[in-house]
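Excluded from the calculations below are hydrogen atoms, water molecules and symmetry mates; all remaining heavy atoms, backbone and side chain alike, are included. When a ligand or atom number is given, it counts from 1 through the structure's own listing order. Since we're looking at a predicted model, the values are computed, not measured.
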Amino acid sequence: QSQELSQVQIDYHAALQALVEDGTRMVCTGRMHTDRICRFESLCYSTEAEEFVYFHSNSSVMLPNLGSRRFQPALLDLSSVEDHNTQYFNFVELPAAALKFMPKPVFVPDVALIANRFNPDNLMHVFHDDLLPIYYTMQQFSDLDLEARLFFMEGWTEGVHFDLYKLLSNKQPLLREQLKTLGRLLCFTKSYVGLSKITTWYQYGFVQPQGPKANILVSGNEIRQFTKFMTQRLNVSLEESSSEEYIVVFSRTINRLILNEAELILALAQEFQMKTITVSLEEHSFSDIVRLISNASMLVSMHGAQLVMSLFLPRGATVVELFPYAINPEHYTPYKTLATLPGMDLQYIAWQNTDREDTVTYPDRPWDQGGIAHLDKAEQERIIKSTEVPRHLCCRNPEWLFRAYQDTKVNIPSLIHVIRQTVKSKPGPKKQKWSGSLYPGKVRDAKCQASVQGTSEAKLAVSWQIPWNLKYLKVREVKYEVWIQEQGENTYMPYILSHQNHTFSENIKPFTIYLVWIRCIFNKNLLGPFADVLLCST
Ligand code: UDP
């Protein structure tokens, strides 16, 4: 059935001979285990030992060849979560001659992408840690196409969102447990191991309290290329023309509830004069949710993983995230960070319940649903009295869980007030003028000419040509920034200029060498590169 490896016929004897003679070949990208992805030929996996095996022969290659640094702490991260010690990849080494004494290998003919999912039952983790990184790892290596096969090695069962993973390739993804049914020694003809972290925007707080990643490298453009792919694979047709505007309330039905949802929906509909609908993961198919969110003007939801669906909102839409009592919105920003990525073009609004009367707590539930009955009395009392959860590390802070799983009666006037501070008229997709921001190139042919007047006065005439790409662009405002630095000094005089030449006389001394740095600026904030420094002697 679906577990069967592809129909591609391989000549078993030739494959076995190649493995024995050539061994395993590995070439990786990345300088550290946290940014490494490796490409292998003939990487094997022992389903009995549950270990990957690298076979040495005369033709095997191992780059980087790290020696025992391969274990400090690992060759690479198998998931997109950085340096998590349960997600490391390594292999054991054997001489190819040992194959004589081992189970007969079963060859995997498909090009394989081998990785770990991080938390496949949580929708935020599914998109952020798995689907986007897998999609863009596949974009990075051209033989990871729709005929490639995904292998998930983290050891979980399919999980509730497995259908989403299936969209990434035409072949059924295989789980670690299923490999046992294929054979005792599996050999991947061609495989890639590891995931690109280039699209991730959030760190979950394993070593420092959670927050946006320090160096975010993804923009709304790449996010939307991904959601376009997913939408097509889901067969969701986007009726661009359907003109009726509406608001989506994404509700949770098990915990962290909105207690006055009916009242909320009426209030939103009335305030914005728009149809307002609710969706939930329990009551709607994934395709329906994507279809509804893709055309929505506003998405309103409690803080929680379902808010990752704002990935699918159209440009110009508004995200309203509701936070329960004592949870500071500034400390939990995965969805704010997503909505405000450059080029995502979403408006983000956070609302917090600040009224104790409007919250319902569950101290007697199990600890993982926010119960605190297992804590000592003094600690329970401290938590109940506290008005804000202090910053904390992931993932089992009882005070955080206690507050995160409260239900909330949303104070409607307060919420509408907060939304109205941002959304002045009607929310929703604006007639989008193309805001793709392009940067200037270097200015060209920069020249300087000095003139000296007497022993204490001098002038420096500097001129340059426009950046090469400017003649193909419509740019609202073009300015030039010029820095003049006396050779050997740390400081410089900065100027912002509108023309392509200028004569500097202020603070210019005779018989001195100046370094002149020039760059172009489009529309106030698009800073181009500096041209090669000009050396000017007065
Ligand atoms: N979930 C849901 N309805 C609920 C509670 C949870 O659909 O009433 C989903 C939620 O969207 C997430 C998963 O169940 O995908 C785990 O929820 P949890 O509260 O553990 O995580 P959080 O939403 O806080 O990230």
Side-chain angles (χ1 to χ4, degrees), residues 80-81 117-132 156-165 200-206 209-212 230 248-261 264 277-290 292-293 299-313 319-329 331-339 350 352-353 359-362 365-371 389 392-410:
S80 73
V81 174
R117 298 177 297 168
F118 190 70
N119 183 354
D121 282 340
N122 180 300
L123 201 57
M124 165 66 185
H125 287 282
V126 169
F127 275 97
H128 177 269
D129 309 344
D130 306 340
L131 298 175
L132 270 159
W156 288 52
T157 55
E158 288 189 349
V160 287
H161 300 297
F162 201 61
D163 285 346
L164 296 176
Y165 295 92
T200 57
W201 65 83
Y202 207 70
Q203 62 85 11
Y204 299 117
F206 295 108
Q210 64 173 272
M230 293 297 279
V248 173
V249 174
F250 203 141
S251 66
R252 296 171 62 108
T253 58
I254 303 164
N255 52 40
R256 205 177 301 151
L257 306 178
I258 298 170
L259 294 170
N260 53 339
E261 212 168 270
L264 171 67
I277 57 175
T278 42
V279 299
S280 71
L281 286 171
E282 289 82 7
E283 288 150 340
H284 292 78
S285 73
F286 202 81
S287 304
D288 283 344
I289 296 175
V290 168
L292 290 167
I293 290 186
L299 176 64
V300 181
S301 180
M302 268 290 158
H303 172 73
Q306 67 287 345
L307 261 170
V308 77
M309 294 305 287
S310 30
L311 282 166
F312 291 91
L313 281 169
V319 180
V320 181
E321 181 170 11
L322 312 175
F323 288 85
Y325 181 77
I327 297 185
N328 184 338
H331 297 175
Y332 307 93
T333 56
Y335 314 109
K336 176 186 182 179
T337 307
L338 167 61
Q352 185 192 0
N353 174 24
T359 197
V360 177
T361 62
Y362 294 95
R365 283 186 178 171
W367 72 268
D368 58 343
Q369 293 164 43
V389 179
H392 56 89
L393 295 181
C394 190
C395 314
R396 294 179 167 211
N397 181 290
E399 182 171 357
W400 151 249
L401 292 171
F402 175 68
R403 292 303 182 185
Y405 286 109
Q406 296 169 110
D407 296 340
T408 304
K409 182 175 153 245
V410 175

Heavy-atom nearest neighbour in the protein, as seen from atom 20 (O) of ligand 1, with distance rounded to 0.1 Å: Tyr405 OH, 3.2 Å

Ranked by distance from atom 8 (O) of ligand 1, the top protein heavy atom is Ile254 N, 2.6 Å

Decide whether the shortest distance between a heavy atom of His303 and an atom of ligand 1 is less than 4.0 Å. no

Identify the closest protein heavy atom to atom 15 (O) of ligand 1: which residue and atom is it, and at what distance? Leu123 N, 3.0 Å

Does any N or O in the side chain of Trp201 come within less than 3.5 Å of the main-chain N or O of Pro334, such that one atom is a donor and the other an acceptor? yes

Structural part of Asp121 in contact with ligand 1, heavy atom criterion under 4.0 angstrom: backbone

Looking only at protein heavy atoms, identify the closest one to atom 4 (C) of ligand 1 and say how far it is in Å. Glu282 OE2, 3.5 Å

What are the two closest heavy atoms between Leu257 and Asp407, and how far apart are they? N-OD1, 2.9 Å

Can you find a side-chain donor-acceptor pair between Tyr204 and Asp129 that sits under 3.5 Å? yes

Within 4.0 Å of some non-hydrogen atom of Gly304, the atoms of ligand 1 are 23 (O)

My understanding is that we take every heavy atom of each candidate and find the minimum distance to atom 23 (O) of ligand 1. Doing that for Arg252, Gln306, His125, Met124, which one comes out nearest? Arg252

Ligand 1 versus Leu281, non-hydrogen atoms closer than 4.0 Å: side chain, backbone, both, neither? side chain

Atom 25 (O) of ligand 1: the protein heavy-atom neighbour that sits closest, reported with distance to 0.1 Å: Asn122 ND2, 2.9 Å

Give me the ring orientation class for Phe127 and Phe286: parallel if the planes are under 30° apart, tilted from 30 to 60°, perpendicular past 60°. parallel

Are any of the side-chain heavy atoms of Leu299 and Leu307 separated by less than 4.5 Å? yes

For His161, the ring-ring contact (aromatic ring centres under 6.0 Å, His included) test, sequence neighbours excluded, returns none

With heavy atoms of Arg256 as the reference, note each atom of ligand 1 found under 4.0 Å away. 19 (O), 22 (P), 23 (O), 24 (O)

Which residue holds the protein heavy atom closest to atom 12 (C) of ligand 1, what is that atom called, and what is the gap in Å? Ala305 CB, 3.5 Å

Pairwise side-chain contact, Tyr332 with Glu321, heavy-atom cut-off 4.5 Å (strictly under): no

Side chains of Tyr202 and Gln210: is there a donor and an acceptor less than 3.5 Å apart? yes

